[in-house]
Protein chains: 2
Amino acid sequence: MKRATQNDVARLAGVSRATVSYVLNGRNDGTIRVSDETRKKIVEVMHEIGYRVNMNARGLKTNKSQLIAILVPDLGNPFYPLLIRGAQKQAHSCGYRLLISDSFSSEEGEREFMETALDRSTDGLILDSSYLERTDIKMLLDAGIPSVGIGPRLADSGIDTISIDQRAAIRSLLDHLEYRGHSRIAHLSGDRNNLNGKIRYEVFLQEMKSRGLCVDERYILEGTFLREGIAAKTEKWLASFAPQERPTAIFAANDLMAIEAIKAIQKIGLRIPGDVAVCGFDNIPEAEYVEPPLTSIGFDVESMGKAAAKLLIDRIEGESYDKPQAIGLTFELFARKST
Amino acid sequence: MKRATQNDVARLAGVSRATVSYVLNGRNDGTIRVSDETRKKIVEVMHEIGYRVNMNARGLKTNKSQLIAILVPDLGNPFYPLLIRGAQKQAHSCGYRLLISDSFSSEEGEREFMETALDRSTDGLILDSSYLERTDIKMLLDAGIPSVGIGPRLADSGIDTISIDQRAAIRSLLDHLEYRGHSRIAHLSGDRNNLNGKIRYEVFLQEMKSRGLCVDERYILEGTFLREGIAAKTEKWLASFAPQERPTAIFAANDLMAIEAIKAIQKIGLRIPGDVAVCGFDNIPEAEYVEPPLTSIGFDVESMGKAAAKLLIDRIEGESYDKPQAIGLTFELFARKST
DNA sequence: CTGAAAGCGCTAACAT
DNA sequence: ATGTTAGCGCTTTCAG
């Protein structure tokens, strides 16, 4: 059985197709233009025959899709599902749906995403990208597709961004460690080709220096933000230190790696936080459950997703294009047993 | 600047629109019908002017969308992002995109999802639903939208389902315990109003009986699948046994509860696995981190997502509609120190 | 091997 | 307050 169309509704209600469309969308001039009686009749028929609008047809006509596409680098990182959740709450309440893409941190994945976004007449994009350039953003803007960037990478390229103040966050983490008496603090970095990895690494160095704490080159262990291989790498790395020169604290660039580090430390028989304290970044749910619970920097990821979607929808539906904003989110230090 | 259309391509290449469409889609009768020279010229022009197909227009014409919608109950549960990842890998490689919806385990969320799926001419659905009924499924099937259910709930309602073979899994867990010399085996059940809770409970009873092992009523402790309150409950329960009648092993219906049980057992001074062995179900990441590491049943969630998408796409693109399958996924027993 | 043309369901300008 | 109608970009039948 074929789906009911506006034509069917019109015929059964004894009106024209235009009138049906008007009760669905109103009119651009704000007037109502449909009598209560007619409207009632039409709505009735719609329910009766189970009419549903065909978004393809509407999209073809209006060149809109009520679709927001989201690009994330790694769905396996609990951060992103939460971001998506928040975005979904906002989007759904405004009549938008979410097209989600995990790029697996690959440039190919990001390019594919861009093509999809264009093919599907996506109304707007939420991007956590590592590879897209200003020119890509410009192309989007030219095509009339507004975007919101997650993180600072694409600030000043013409779109809104929403990030957390990483310097302030890392500063508070180091305050916490220093207060606990640590001075030999190591950094398990993220992928330093990635902007966040780079920022966290560089801010760590700067902040250590400004505290007059030594940052031996050996105190830097380079990771990738991913779980894989971190435990083994950390184990080997720790074994390379004599006890008295071993770092007494490790600041991992994210919780995933911090948790792997914890495993490694325990495996070689050291105590946390007695021998080595560990802290992470992101405050993923798992941070609370590991043994010992992990100290981390967190912020309300769902709110971030919501805010991103809100910002985006305002752009999509807004008349004028105001100056792009770079919004900073406040963070929170979750001090737990691992330090 | 407006987007290029097939018309533009045709004009610039000096051919008709039909020919452009043919090089894009071939012809239904399988013939080629476009000379190599013409084809080359057309492809060239497409690149030159950056032509991209308009999915709305194509969808309107074909009543397809190359869109797969996925319904999950809780993106905060690490299981689902992995499932989605797997599904995405498969879907993208076949030219489909993913429309994702978190229902927050609410009926309203599931209903909203169904409407979206219809409005958007979704080609197929992957459903992890708690509320949808056979009538809903029937409606989808009537509308020509194939679906794949995650878990056994919608088996025999006309769609394919993909689940893990819980009976085989529990059997292997019991084999493992019996082999270790256990005969007084207790069950910390999940919520038995929940389908999984019920299945695990009933299969446990049946399998114990078929082994000739006694299942004293006192060996069943009812939980809810959630962490909350399990530790205290377990502690109290264990204290009610004289040492010689105490179960020597506990099979918890999920890892979350197993981990709480471990805490309780250790708290009252019993040894794991010496005095009481513990095993769980799900193999969540945390299972690896607790002390002692938890024996559990796990399976490859990404593969499950991949398999679901593959099954679905086969249905979407398949000619005939074969009998629905209920696929069981193979599991893996992760034997760790807790047993 | 290629072209002409109908029409998918909808919106919105214009006419009544 | 309601109706008429063009046309969005595409696929596909039919006719060269």
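Every chain is numbered from 1, with letters handed out A, B, ... down the list of sequences.
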By side chain to side chain contact (heavy atoms under 4.5 Å, CB included) - contacts of A:L98 (at least two apart): A:I68, A:I70, A:I84, A:A87, A:Q88, A:A91, A:I100

Residues forming a salt bridge (charged side-chain N to carboxylate O under 4.0 Å, His left out) with B:R11, sequence neighbours excluded: B:D8

Difference in axis direction between the ends of the helix from C:dC1-D:dG16 to C:dT16-D:dA1, five pairs, 10°: 40°

Counterpart residues, side chain to side chain contact (heavy atoms under 4.5 Å, CB included), relative to B:R153 (two or more places apart): B:S129, B:L132, B:L195

Test salt bridge (charged side-chain N to carboxylate O under 4.0 Å, His left out) applied to B:K40 - qualifying residues, sequence neighbours left out: none

Minimum-distance nucleotide to B:T19 side chain [options: D:dG3, C:dT2, D:dT13]: C:dT2

Protein-nucleotide distance (B:L24, atom CG; C:dT2, atom C1'), rounded to Å: 16 Å

Length of the CG-P vector between A:L118 and D:dG9, whole Å: 15 Å

Side-chain donor-acceptor pair present, B:D128, B:Y80, cut-off under 3.5 Å: yes

Using nucleotides 7-10 of chain C, report all nitrogen or oxygen pairs with the protein that are shorter than 3.5 Å.
residue	atom	partner	partner atom	Å
C:dG7	N2	B:K61	NZ	2.8
C:dG7	N3	B:K61	NZ	3.3
C:dG9	OP1	A:K2	NZ	3.4
C:dC10	OP1	A:Y51	OH	2.5
C:dC10	OP1	A:N54	N	3.3
C:dC10	OP2	A:Q6	N	2.5
C:dC10	N4	A:R17	NH2	2.0

Non-neighbouring partners of B:K306 that pass side-chain hydrogen bond (donor to acceptor under 3.5 Å, both in side chains), sequence neighbours left out: none

base_contact_polar (D:dT4 base, A:Y22 side chain, donor-acceptor, <3.5 Å): no

Under the salt bridge (charged side-chain N to carboxylate O under 4.0 Å, His left out) test, residues paired with A:E108 that sit two or more places apart: none

Non-neighbouring partners of A:E112 that pass salt bridge (charged side-chain N to carboxylate O under 4.0 Å, His left out), sequence neighbours left out: B:R97

Atom-pair distance (NZ on A:K64; P on C:dA12), nearest Å: 11 Å

Euclidean distance, atom CZ of residue B:R11 to atom C1' of D:dG9 [Å, nearest integer]: 14 Å

